[in-house]
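Heavy atoms only: backbone and side chains are in, while hydrogens, waters and symmetry mates are out. Convention: sequence-line order gives letters A, B, ...; per-chain numbering from 1.
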2 protein chains.
Amino acid sequence: QFVEKSSCAQPLGELTSLDTQGEFGRGGSSSPSSSSLCTEPLIPTTPIIPSEEMAKITCNLETKELWDKFHELGTEMIITKSGRRMFPTIRVSFSGVDPEAKYIVLMDIVPVDNKRYRYAYHRSSWLVAGKADPPLPARLYVHPDSPFTGEQLLKQMVSFEKVKLTNNELDQHGHIILNSMHKYQPRVHIIKKKDHTASLLNLKSEEFRTFIFPETVFTAVTAYQNQLITKLKIDSNPFAKGFRDSSRLTDIERKG
Amino acid sequence: QFVEKSSCAQPLGELTSLDTQGEFGRGGSSSPSSSSLCTEPLIPTTPIIPSEEMAKITCNLETKELWDKFHELGTEMIITKSGRRMFPTIRVSFSGVDPEAKYIVLMDIVPVDNKRYRYAYHRSSWLVAGKADPPLPARLYVHPDSPFTGEQLLKQMVSFEKVKLTNNELDQHGHIILNSMHKYQPRVHIIKKKDHTASLLNLKSEEFRTFIFPETVFTAVTAYQNQLITKLKIDSNPFAKGFRDSSRLTDIERKG
DNA sequence: AGCTTTACACCTAGGTGTCAAAAT
DNA sequence: ATTTTGACACCTAGGTGTAAAGCT
């Protein structure tokens, strides 16, 4: 089940062969120049087999049902200059962690392929529109409650509701920067802290594992393309309640 | 400037002899039974002189001007069953910390004396109404951004806006529990982390210092007593904007 | 009489998609 | 022709003091 793949703002390649809950280990980068694109090199260049202890960890996508509904239609995520939350939210639970250990949980989002897309309204489908735009600075979203104790991770869910997506390449807020009209795959990483001095930039003394959930693939957009996606967002996101049919009443209906 | 005082839900004694920015070290408790009152024993019973390194740390109350205005009138803080924020907020900045070290910053609130008070409306003044009610479980509010790096502390302010006060002795939310009609002194503590295993309950391997700001003394109340305090809250707390004179307009004034 | 509780209107703060305008 | 931006109405979520009611 251990699969080597490219990483760190490099395309993931095809994901169709993966199970519902796939996992990516640390794979060697194929391009010699790729390291210069990575301002925050999460992934070392030498492949590493996870330790027995880390191999026991499993990660479960709590919001799978909702993600599945979106995935069927082709999930889209709005990106804005000031940053936009993801909906659905990525919410995961872990098992197999050591209650006494400390862990850092983080997320990043990597391109699925080297393509740029456009939406054909008359066909209601996505088409390849050419090669991908130049890669953007890769950013990690370290979950703000990190570090977690293993005990916490076994009890609570980890929710990435606060992560924001932006198309502003000069963003100063630490939001994740994406290219519009490109396909992306969110990833969840867990790192076991071995000593308190180790940082994310210095992973030699750490162990980590990476989890991907193919049903969370999405296309970044600045405005929704597929109207069915818009409708599903409105019907399932509490903040969009004002656009639901049932609240779209005339004055007469309101009084009745 | 190092002063030994009682601690941990024990009365602080008179504070009038302290400077604007006082500091409390760890003092021996006078009452043999006091340790049983402390469910979270922050303060050991043996007095300790801070290390040279810790002695260099200073703590500044950023919101002093506003606190002074309230202090002149006699600050009151509402406590409710579900928990109420403090206003003004305690916001502090530190200097003299080691940029490379890690620190935990926390807050607690201790009784100022052994008295219960009542407010004489006709005289607009507070009167002693008897002996203090039985002490409540002492709670620590660890700042949620802890642990901080020294670098962070030198850059940012530390704001305790989210701390909540309650009169519910059975509170399950971790709010700070206070007796109504009693006088309290908030305190800010900073602890240097020496190793990652040390907890707040096991401070032997840690060093810490405690700062008090006498202008932040307040009386806990379930409803405001002094109308001047109510007015100052309304005029200075953004959430109370709806009660300001300028927004108390008649329909005619609103249209004009 | 003194103190506490509760529902409430009125805010802050910020997350939604919409739609027209602007940019490319 | 397509994509992006920004002001906007409409929400969620929750922090205010108020005033009447409840408690002791």
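Where Tyr117(B) and Pro238(B) each meet DNA chain C at their nearest nucleotide, the meeting point lying more 5' is that of Tyr117(B). Where Ala129(B) and Ile234(A) meet DNA chain C, the nucleotide closest to each residue was compared, and Ala129(B) sits on the side nearer the 5' end.
A donor N or O paired with an acceptor N or O is found under 3.5 Å between the base of dG17(C) and the side-chain atoms of Arg84(A).
Cation-pi check for Lys164(B) over Tyr141(B) is not met; the charged atom does not lie both under 6.0 angstrom from the ring centroid and within 45 degrees of its normal. At least one test fails for Lys231(A) against the ring of Tyr224(A): distance under 6.0 Å to the centre or angle within 45° of the axis.
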Enumerate the protein-to-nucleotides 22-24 of chain D contacts in which both atoms are nitrogen or oxygen and the separation is below 3.5 Å.
none

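If you take CZ of Arg85(A) and C1' of dT12(D), they are 10 Å apart, rounded to a whole angstrom. The CG-P distance, from Asp245(A) to dT16(C), rounds to 19 Å in whole Å. For Glu161(A) and dT16(C), the CD to P distance is 10 Å, given to the nearest whole Å. Here dT6(C) presents its C1' atom at 16 Å from CD1 of Ile79(B), a figure rounded to the nearest Å.
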**Item:** Base-pair map of DNA chain C as dot-bracket, where | denotes pairing with a different strand and pairs are Watson-Crick or G-U under 3.5 Å
**Value:** ||||||||||||||||||||||||
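Partners of His71(A) by ring-ring contact (aromatic ring centres under 6.0 Å, His included), not counting sequence neighbours: none found.
Within the nucleic acid shown, Arg118(A) comes within 4.0 Å of sugar-phosphate atoms alone, with no base atom in reach, counting heavy atoms only. Residue-level contact check: Thr80(A) touches neither bases nor backbone, having no heavy atom under 4.0 Å from any strand.
The shortest distance between side-chain heavy atoms of Ile90(A) and Phe213(A) does not fall below 4.5 Å. Using a 4.5 Å cut-off on side-chain heavy atoms (C-beta onward), Gln225(A) and Met181(A) make contact. Contact annotation: the side chain of Asp145(B) never approaches that of Val158(B) to less than 4.5 Å [non-hydrogen atoms, C-beta and beyond].
Candidate nucleotides dG2(C), dT16(C), dT18(D) were compared by shortest atom distance to the side chain of Phe243(B), and dT18(D) ranks first. Here the side chain of Phe239(A) is nearest to one of dT18(C), dT12(C), dC11(D), namely dC11(D). Here the side chain of Thr222(A) is nearest to one of dT4(D), dT16(C), dC11(C), namely dT4(D). Side-chain proximity of Ala240(B) to dG17(D), dT16(C), dC3(C): nearest is dG17(D).
Contacts between residues 164-173 of chain A and DNA chain C, defined by a heavy-atom separation below 4.0 Å, involve Lys164(A), listed by number.
Across Phe94(B), Phe148(B), Tyr103(B), a single residue satisfies ring pair (Phe, Tyr, Trp, His ring centres under 6.0 Å) together with His143(B), and that is Phe148(B).
Look at Lys241(B) and you'll find a side-chain N or O under 4.0 angstrom from OP1 or OP2 of dT12(C). In this structure, Arg244(B) does not reach the dC11(C) phosphate: none of its side-chain N or O atoms is under 4.0 Å from OP1 or OP2.
The ring-ring contact (aromatic ring centres under 6.0 Å, His included) pairs that include a residue from residues 106-130 of chain B are Tyr119(B)-Tyr121(B), Tyr119(B)-Trp126(B), where partners are two or more places apart or lie in different chains.
Among all heavy-atom pairs drawn from Glu62(B) and Val92(B), the shortest one is CG-C, 4.1 Å. Residues Leu127(A) and Ala120(A) approach most closely at CD1-CB, 3.7 Å, considering heavy atoms.
Looking at Asp133(A), its side chain never comes within 3.5 Å of a backbone N or O of Arg116(A) through a donor-acceptor pair.
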Solution key, residues 79-87 of chain B side-chain donor-acceptor pairs under 3.5 Å, sequence neighbours excluded:
unit_1	atom_1	unit_2	atom_2	d
Thr80(B)	OG1	Gly83(B)	N	3.0
Thr80(B)	OG1	Gly83(B)	O	3.4

